[in-house]
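What follows is a short report on a single structure.
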Amino acid sequence: MREKDININRVDWITVMIYFVLVMIGWFNIYAAVYDGQVNKSIFDTSINSGIQLVWIGTAIAIIIVIMAADYRLFENLAIPIYLVMLVLLLLTPFLGKEVNGQILTIGFGSFRIQPGEFAKFATALALAKFMERPTFDLSKTKYQLQAFGVLLLPIVLIILQPDTGTAMVYFSMLIMFYREGLPQKFYVLGIGIIAIALLALGIENNLYLAGAIVVIVAILIMMGKKTPQQIIAFSVIGIALIAFTYSLDFVVSKLPEHQQNRIMVLFNPDLDPLGVGWNVTQSKIAIGSGGLAGKGYLQGTQTKFDFVPEQHTDFIFCTLGEEFGWLGSFVVISLFVAMITRLVLMAERQKNRFNRIYGYCVISILMFHFMINIAMTIGLFPVVGIPLPFFSYGGSSLWSFTILLFVFIKMDSARALQLGRMG
């Protein structure tokens with residue numbers, strides 16, 4: 001190891017500190033989620049989730065040491081091989097993986113299993129940075145748009161086949177990075193429009209009203225335009241396509257797995273089957289609301305202690321925090337996430353080459369999506385899609401993948417003074 005590759009003084013210690021604070025708060029909350037006052041096991045007991053999580057935290061620290069000791073050029077040089085290996089693992093997962101709740105997400109041997117879909121986020125971020133770092137790469141041109149979307153869509157398709165729609169959705173968050181790198185705004189306007197129409201179509205019982213509104217809007221746009229034949233045809237085609245999309249949604253949703261259909265239905269009708277498909281979200285909201293301003297106190301949460309919220313140590317870990325530490329505790333944790341993301345944006349903008357900046361914005365996109373959607377899910381503002389809260393939720397694959405994703409960027413940032421200025 002060469003001395004010049006060790007840049008301890010340039011490490012962003014603020015981000016590192018926030019990481020460890022979140023990990024430790026998450027660990028204490030995992031213990032609270034599985035705590036049983038009648039069987040008072042230690043937080044260090046490896047027969048319960050908190051003890052196992054501590055082992056994973058220890059291995060995560062070992063991973064951090066390896067990353068920080070590595071040559072900063074290693075990640076750029078191995079970007080494509082890592083991406084290809086992860087694609088192969090994703091391809092093999094449906095055949096070699098273990099099925100849980102209708103999904104085949106993990107592969108491995110015995111009790112040691114990993115979720116390739118989690119680690120593929122890191123691989124995809126590296127691959128996008130490698131493809132897009134070239135000075136000639138221009139996202140305003142169709143050729144380069146197809147290349148970038150191809151790299152992004154390959155893992156998405158393979159993950160949907162598992163099927164794991166929640167994890168697949170996370171990859172679309174990297175469109176935030178695409179925006180920073182110059183993807184035209186029309187794509188985002190179109191995407192937001194389609195999402196808005198989809199939400200309206202799913203929330204309105206009679207799609208005829210929405211179709212009528214689309215016709216009116218298209219007519220107004222035509223009247224306000226130049227009224228050329230080309231423009232009239234273009235707006236008419238767009239209107240017909242949107243109406244067809246509206247009426248096709250019911251068919252598409254009917255082809256989804258039953259549990260995913262139920263999650264969408266609960267989003268639009270929270271009171272639907274509160275003892276069945278709506279149970280998780282209802283109990284999660286009760287737990288968070290019952291915490292009040294300052295919470296019930298650590299290990300004093302009744303919703304938590306009596307297991308009213310399923311999967312509370314993983315996807316619904318935030319409601320444990322809300323119940324036991326209240327609004328104040330939730331505010332502190334949300335502030336920590338916001339501080340980390342803000343810090344990462346500053347780090348991304350100060351990079352000396354395009355590869356690091358692109359990778360940095362991928363990290364920002366993924367962490368922000370997980371953070372926002374997980375919390376929105378626990379308070380009923382988003383369908384339950386089964387994605388963890390970074391550094392908080394129980395699970396080795398989750399903790400390791402987020403740790404690798406974050407600390408590879410911290411390593412890149414610490415070595416920025418040594419890198420050639422390949423400005424993008």
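Here the structure is a predicted model, which is why all the values come from computation and not from measurement.
In this structure, Trp13 and Val16 have side chains that are in contact, with non-hydrogen atoms separated by less than 4.5 Å. You'll find the side chain of Thr15 stays beyond 4.5 Å of the side chain of Phe409, heavy atoms only. Considering only heavy atoms from C-beta on, Tyr72 stays 4.5 Å or farther from Asn356 through its side chain. Residues Leu406 and Phe391 are in side-chain contact: their nearest non-hydrogen atoms beyond the backbone lie under 4.5 Å apart. Annotation: side chain of Met347 is not in contact with side chain of Met412 (no heavy-atom distance under 4.5 Å). Looking at Thr93 and Gln115, their side chains never come closer than 4.5 Å, going by heavy atoms from C-beta outward. Residues Phe402 and Leu389 fail the side-chain proximity criterion, which asks for heavy atoms closer than 4.5 Å. At a threshold of 4.5 Å between non-hydrogen side-chain atoms, the residues Phe325 and Ser330 do not count as touching.
Applying the ring pair (Phe, Tyr, Trp, His ring centres under 6.0 Å) test to pairs two or more places apart or on separate chains, those with a residue in residues 138-163 are Phe137-Tyr144, Phe149-Phe178.
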**OP:** Verify side-chain contact (heavy atoms from CB on, under 4.5 Å) between Met377 and Phe318, making sure each step is shown before the conclusion.
**Re:** CA-CA 10 Å; Met377 180 182 74; Phe318 185 77; over 6 Å; no
**OP:** Apply the test side-chain contact (heavy atoms from CB on, under 4.5 Å) to residues Asp138 and Lys143: give CA-CA distance (whole Å), side-chain angles for both, the deciding distance (0.1 Å), then the verdict.
**Re:** CA-CA 9 Å; Asp138 185 357; Lys143 178 178 73 172; over 6 Å; no
Original post:
Do Phe75 and Tyr359 pass the ring pair (Phe, Tyr, Trp, His ring centres under 6.0 Å) test, and can you show the C-alpha distance, the side-chain angles, and the key distance before you say yes or no?
Top reply: CA-CA 10 Å; Phe75 310 108; Tyr359 177 80; 8.1 Å; no
**OP:** Determine, stepwise, if the pair Phe172 / Leu153 fulfils side-chain contact (heavy atoms from CB on, under 4.5 Å).
**Re:** CA-CA 9 Å; Phe172 286 108; Leu153 289 175; 4.2 Å; yes
**OP:** Just do the side-chain contact (heavy atoms from CB on, under 4.5 Å) check on Ile243 and Val215 with the steps written out, would you?
**Re:** CA-CA 9 Å; Ile243 293 172; Val215 170; 3.8 Å; yes
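Using a 4.0 Å cut-off between a side-chain N of Lys or Arg and a carboxylate O of Asp or Glu, Arg357 and Glu349 do not qualify as a salt bridge.
Open room surrounds OH on Tyr179; 12 or fewer heavy atoms of other groups in view lie less than 6.0 Å from it. Sparse packing is recorded around CZ of Phe131, with 12 or fewer heavy atoms of other residues, nucleotides or ligands lying under 6.0 Å away. Counting heavy atoms of neighbouring residues, nucleotides and ligands inside a 6.0 Å radius, atom CE of Met372 does not exceed 12 of them. Environment of CZ in Phe331: sparse, with no more than 12 heavy atoms of neighbouring residues, nucleotides or ligands closer than 6.0 Å.
A pairwise comparison of heavy atoms in Met132 and Leu139 identifies CE-CD1, 3.5 Å as the closest pair. The two atoms that bring Leu126 and Ala79 nearest to each other are O-CB, 3.7 Å, heavy atoms only. Listed here is the closest heavy atom pair of Met177 and Cys362: CE-SG, 3.7 Å. When every heavy atom of Met86 is checked against every heavy atom of Ala123, the shortest pair comes out as CG-CB, 3.4 Å. When all heavy atoms of Pro155 and Tyr83 are compared, the closest pair comes out as CD-OH, 3.6 Å. The heavy-atom pair separating Glu133 from Phe355 by the smallest distance is OE1-CB, 3.4 Å.
The CD1 atom of Ile156 sits 7.5 Å away from the CE atom of Met174 when rounded to the nearest 0.5 Å. To the nearest 0.5 angstrom, Tyr361 atom OH is 5.5 Å from Ile364 atom CD1. Remark: Phe371 CZ to Met340 CE distance equals 11.0 Å, nearest 0.5 Å. Within the model, atoms CD1 of Ile366 and CD1 of Ile387 stand 11.0 Å from one another, a figure rounded to the nearest 0.5 Å. Going from atom CG of Leu92 over to atom CG of Leu87 covers 11.0 Å, rounded to the nearest 0.5 Å. Interatomic distance, Glu324 CD to Cys319 SG, rounded to the nearest 0.5 Å: 9.5 Å.
For Asp12, the salt bridge (charged side-chain N to carboxylate O under 4.0 Å, His left out) partners at least two apart in sequence or on another chain are Arg343, Arg350.
A donor-acceptor pair under 3.5 Å links the side-chain atoms of Lys411 to the main chain of Ala70, judged by distance alone. A donor-acceptor contact shorter than 3.5 Å links the side chain of Asn77 to the backbone of Arg73. Remark: side-chain polar atoms of Thr320 are not paired, donor with acceptor, to backbone N or O of Asn29 under 3.5 angstrom. Panel note: side chain Arg10, backbone Asp413; no donor-acceptor pair is recorded below 3.5 Å.
Ring orientation note: the planes of Phe337 and Phe392 are tilted relative to one another, at an angle of 30° to 60°.
Checking Phe316, Trp56, Tyr31 one by one against Tyr394, the ring pair (Phe, Tyr, Trp, His ring centres under 6.0 Å) holds for a single residue, Trp56.
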